[in-house]
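Working notes, structure below.
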Amino acid sequence: MDKNEKVNELARRRGFLWPAFELYGGAAGFYDYGPLGAPLKRRIEDIWRQFFVISEGFAEIEAPTIGVEGIFQASGHLSGFSDPLTGCKECKEIYRADHLIKHIVEVPDALSNEEIYKCIQENEIGCPECGGELSEVYEFNLMFKTMIGPGNKMAGYLRPETAQGMFINFPRLLRHFRDSLPFAAVQIGKSFRNEISPRQGVIRLREFTQAEAEIFIDPRDKTHPRFDEVKDIKMKFYSQAAQERGEPEEMTFGEAVGRGVIAHQTLAYYIARTYQFLLAVGVAPDKMRFRQHKSDEMAHYAADCWDAEVFLDRLGWIEIVGVADRTDYDLKAHTAQSKVNLSVFVNFDEPIKRQKLVVKPDFKALGPRFKGKAKAVGEALKALGPEELKGDKIRVMVDGETIEIESSLVSCESVEEEVRGEEIVPHVIEPSFGIDRILYTVLDHSYYEDAVDGETRAVLRFHPAVAPIEVAVLPLMDREELVFPAKKIQEELRGLGLRVDYDTSGSIGRRYRRNDEIGTPYEVTVDYETLEQGTVTIRDRDSMLQIRVPLGQVADKLQALLCKALKFEEAGTMVGPAKEE
RNA sequence: GCGGCUGUAGUCCAGCGGUUAUGACAUGGGCUUCCCAAGCCCGUAACCCGGGUUCGAAUCCCGGCAGCCGCACCA
């Protein structure tokens with residue numbers, strides 16, 4: 001069994017990840033988070049909130065998971081996400097139908113599936129592999145489609161990313177942030193993609209959780225006020241150039257921006273924050289790198305894009321986070337689709353005075369002469385520059401027709417106006433996290449095996465901040481005199497909000513192993529000395545060392561240990577290794 | 001979607017046409033002043049689903065579903 005299998009098996013057996021719908025035969029690409037997986041996920045999300053909501057002052061929102069058609073027309077998911085496919089009836093090979101007629105039709109995208117199929121038949125196009133007959137053209141859309149309300153009037157789609165929820169709320173978010181840049185909104189939630197063949201467990205799901213931030217900034221200033229805080233952090237950068245050499249390059253974020261490896265400070269800052277977040281949840285630093293998208297894999301609108309990649313045994317380097325400068329692409333796309341202006345009015349430092357030519361067509365004369373066209377003629381006149389307005393006759397083009405107008409019918413004057421600012425479409429910096437992949441990475445990178453007395457011990461070395469169980473309270477034996485004080489400790493710890501497990505089954509050693517396997521950082525054991533001396537032992541998962549602590553101090557010491565305010569060896573009196581007793 | 005391999009308790013596996021379906025680990029109960037998966041006793045627990053062949057199917061055949069590996073896909 002390789003490590004990947006061991007981790008998957010442990011995750012299933014211990015209640016982290018379960019294949020969904022097992023009772024009914026299952027469905028690929030869906031997973032349940034079990035009793036330990038759900039809290040692990042929740043705690044990872046909470047740390048993300050700490051980084052990207054609380055620390056940055058971003059706004060968390062929650063938009064519907066179903067979206068209406070317009071959103072995905074604007075985002076490009078409706079056309080870009082949906083491919084016409086055809087298959088060879090002989091060899092069963094699948095092809096993009098539109099690609100097969102590229103040399104015949106200039107814009108195959110404009111054709112319906114029926115038209116593409118007709119074109120294939122008329123031109124007697126066969127299978128490129130074996131020459132066999134091709135099947136009818138069918139649509140495969142990666143978005144799940146549904147109907148909103150009765151009848152088939154309104155189509156709905158399960159969102160393929162959470163990002164659009166932030167973009168389409170731009171006007172209200174802007175108002176919430178009192179009409180000024182920069183600001184940002186985030187969402188943690190489910191997204192859906194009807195993958196053709198999802199595999200590799202939780203790495204490619206049909207329903208998955210994303211945490212995305214959309215940071216709206218002024219495109220003219222991409223520096224970041226907190227960049228100093230991260231500029232000295234070192235990181236492995238796998239830039240476009242480094243990829244050509246085949247070797248990532250280690251440098252500080254300051255250097256990376258200075259040398260133009262990363263496009264600008266703001267992007268670099270959020271890459272650095274991403275790095276800190278991944279470390280905080282337990283991704284191993286030596287199995288992590290940031291890889292820049294190559295120019296051909298970058299979306300055409302993106303100015304720069306970096307993926308956080310982690311190394312997983314058997315799967316290799318896997319993308320878990322993308323940090324992109326999406327420029328003004330999304331807001332402009334939604335403006336075009338919705339006809340709503342999505343820009344910010346930004347004041348100049350100083351109001352600017354400038355001369356402006358005001359053209360006033362004489363509509364009293366133009367109206368009767370041009371009737372219905374009068375408005376269009378007037379608009380055309382207003383758009384003219386000073387040069388074109390000179391002379392006795394003024395020429396304008398309206399609907400492809402040249403029209404001559406006497407200059408007496410147009411008055412124009414130069415006015416001084418004061419301009420206080422300008423309309424700006426913000427650029428968007430987007431860190432986008434795949435929570436399920438991160439959770440799997442945390443499992444994989446936390447998994448260790450030691451040998452104890454020739455036996456293999458499996459341990460999940462979770463950071464205390466993500467551990468689904470923080471403390472296990474264990475009476476040495478299942479006897480009333482030990483059970484009673486143990487239950488009191490459990491109650492006290494739960495009262496403080498700690499995630500506590502209580503277990504009396506089997507031998508003490510077995511319970512330690514069980515807790516090692518689910519990553520419980522500390523165990524409190526009540527033994528006969530507790531009754532005589534009023535102390536209990538606390539065991540450290542990673543070192544398997546134990547200390548004795550007076551009953552009254554257990555809660556305080558545990559809390560300090562869990563937030564790493566106290567070193568284990570200094571938290572109590574060391575107990576000799578159990579073997580020597 | 002295509003091709004190859006696979007599917008038996010929670011886990012790993014035996015059984016390869018007729019068995020009360022083997023075993024280990026895990027798990028529940030009991031005994032044992034038991035600190036790193038100790039021991040003893042007793043229990044719970046499975047043939048992926050649906051068809052077919054056969055007197056009889058976990059076993060053979062077909063289809064579905066799921067997993068793994070390749071191919072394709074991965075906005």
Side-chain angles (χ1 to χ4, degrees), chain A residues 1-2 4-6 8-15 18-30 34 72 75-83 85-96 99 129 135 138 140-143 160-161 193-201 203-206 297-301 314 318-319 450-459 474-479 481-482 504-517 523-532 536-541 543-546 548 575-581:
Chain A
M1 228 189 338
D2 66 24
N4 190 55
E5 279 176 278
K6 281 181 183 171
N8 277 317
E9 195 263 317
L10 189 155
R12 212 177 326 127
R13 190 161 40 81
R14 289 301 187 193
W18 292 332
F21 322 129
E22 273 186 304
L23 198 58
Y24 292 101
F30 296 97
F72 304 114
S75 68
H77 287 105
L78 214 48
S79 52
F81 231 57
S82 163
D83 298 329
L85 300 181
T86 183
C88 173
K89 290 177 177 174
E90 301 297 322
C91 69
K92 307 291 181 195
E93 195 65 45
I94 304 289
Y95 301 99
R96 281 282 294 273
H99 288 181
E129 283 296 317
S135 74
Y138 58 94
F140 189 82
N141 194 318
L142 254 43
M143 283 196 293
E161 61 176 22
R193 296 177 193 185
N194 201 1
E195 297 283 355
I196 296 172
S197 77
R199 275 195 204 161
Q200 291 151 345
I203 299 299
R204 258 177 97 198
L205 293 170
R206 290 191 164 122
E297 87 185 282
M298 210 167 338
H300 61 277
Y301 52 81
R314 179 147 99 177
I318 294 283
E319 175 197 349
D450 338 355
V452 179
D453 294 335
E455 297 250 21
T456 305
R457 180 179 82 122
V459 191
L474 313 170
L476 188 63
M477 292 183 65
D478 190 7
R479 291 176 163 264
E481 63 269 30
L482 300 178
T504 60
S505 72
S507 74
I508 188 69
R510 182 183 296 263
R511 283 175 275 158
Y512 286 151
R513 286 292 193 278
R514 202 149 45 196
N515 276 289
D516 289 340
E517 211 177 39
E523 290 93 354
V524 173
T525 303
V526 175
D527 55 17
Y528 287 94
E529 238 178 282
T530 309
L531 304 179
E532 290 154 23
V536 295
T537 67
I538 299 178
R539 170 186 183 267
D540 177 60
R541 173 195 66 206
S543 65
M544 305 201 308
L545 294 172
Q546 283 180 296
R548 289 206 82 89
V575 178
K579 279 172 272 180
E580 294 171 19
E581 285 190 10

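Reckoned from all heavy atoms, side chains included, excluding hydrogens, waters and symmetry mates. Proteins come first, then strands; the chains are lettered A, B, ... in the order of their sequence lines, and each starts at number 1.
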When the distance from [atom1] of [X] to [atom2] of [N] is rounded to whole Å, what number comes out?
X: A:Glu5; N: B:U6; atom1: CD; atom2: C1'; answer: 13 Å
X: A:Ile508; N: B:C36; atom1: CD1; atom2: C1'; answer: 8 Å
X: A:Phe21; N: B:C48; atom1: CZ; atom2: C1'; answer: 17 Å
X: A:Lys6; N: B:U11; atom1: NZ; atom2: C1'; answer: 14 Å
X: A:Glu22; N: B:U11; atom1: CD; atom2: C1'; answer: 13 Å

Checking all strands, does [X] fall into the base, sugar-phosphate, or nothing category for heavy-atom contacts under 4.0 angstrom?
X: A:Arg511; answer: nothing
X: A:Glu481; answer: nothing
X: A:Arg457; answer: nothing
X: A:Asp516; answer: nothing

On a whole-Å scale, what distance lies between the [atom1] atoms belonging to [N] and [M]?
N: B:C16; M: B:G10; atom1: P; value: 24 Å
N: B:A38; M: B:C25; atom1: P; value: 10 Å
N: B:G17; M: B:A57; atom1: C1'; value: 7 Å
N: B:U22; M: B:U32; atom1: P; value: 32 Å
N: B:U11; M: B:G52; atom1: P; value: 30 Å
N: B:A46; M: B:G30; atom1: P; value: 23 Å
N: B:U53; M: B:U59; atom1: C1'; value: 13 Å
N: B:A9; M: B:C71; atom1: P; value: 31 Å

Closest to the [X] side chain, choosing from [options]:
X: A:Met477; options: B:C34, B:C36, B:A37; value: B:C34
X: A:Arg204; options: B:C35, B:C74, B:G10; value: B:C74
X: A:Ser197; options: B:G28, B:A38, B:A72; value: B:A72
X: A:Arg479; options: B:U33, B:A66, B:C2; value: B:U33

Under 3.5 Å, is there any donor-acceptor pair linking the side chain of [X] to the base of [N]?
X: A:Glu195; N: B:C74; answer: no
X: A:Tyr512; N: B:C35; answer: yes
X: A:Arg199; N: B:G70; answer: yes

Counting only side-chain N and O atoms of [X], is one of them less than 4.0 Å from OP1 or OP2 of [N]?
X: A:Arg513; N: B:A37; result: yes
X: A:Arg539; N: B:C35; result: no
X: A:Thr525; N: B:C35; result: no

| said: My understanding is that only one of A:Arg548, A:Glu523, A:Glu529, A:Gln546 makes a side-chain hydrogen bond (donor to acceptor under 3.5 Å, both in side chains) with A:Thr537; could you say which? | reply: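 Output: one option passes, namely A:Gln546.
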| A:Arg513/A:Glu455 salt bridge by N-O under 4.0 Å criterion |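 No salt bridge links A:Glu455 with A:Arg513.
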| query | Does the ring of A:Tyr528 meet both stacking tests against the six-membered base ring of B:U33: centre distance under 5.5 Å and plane angle under 30°? | reply |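 A:Tyr528 ring centre within cut-off of B:U33 base, planes near parallel; stacks.
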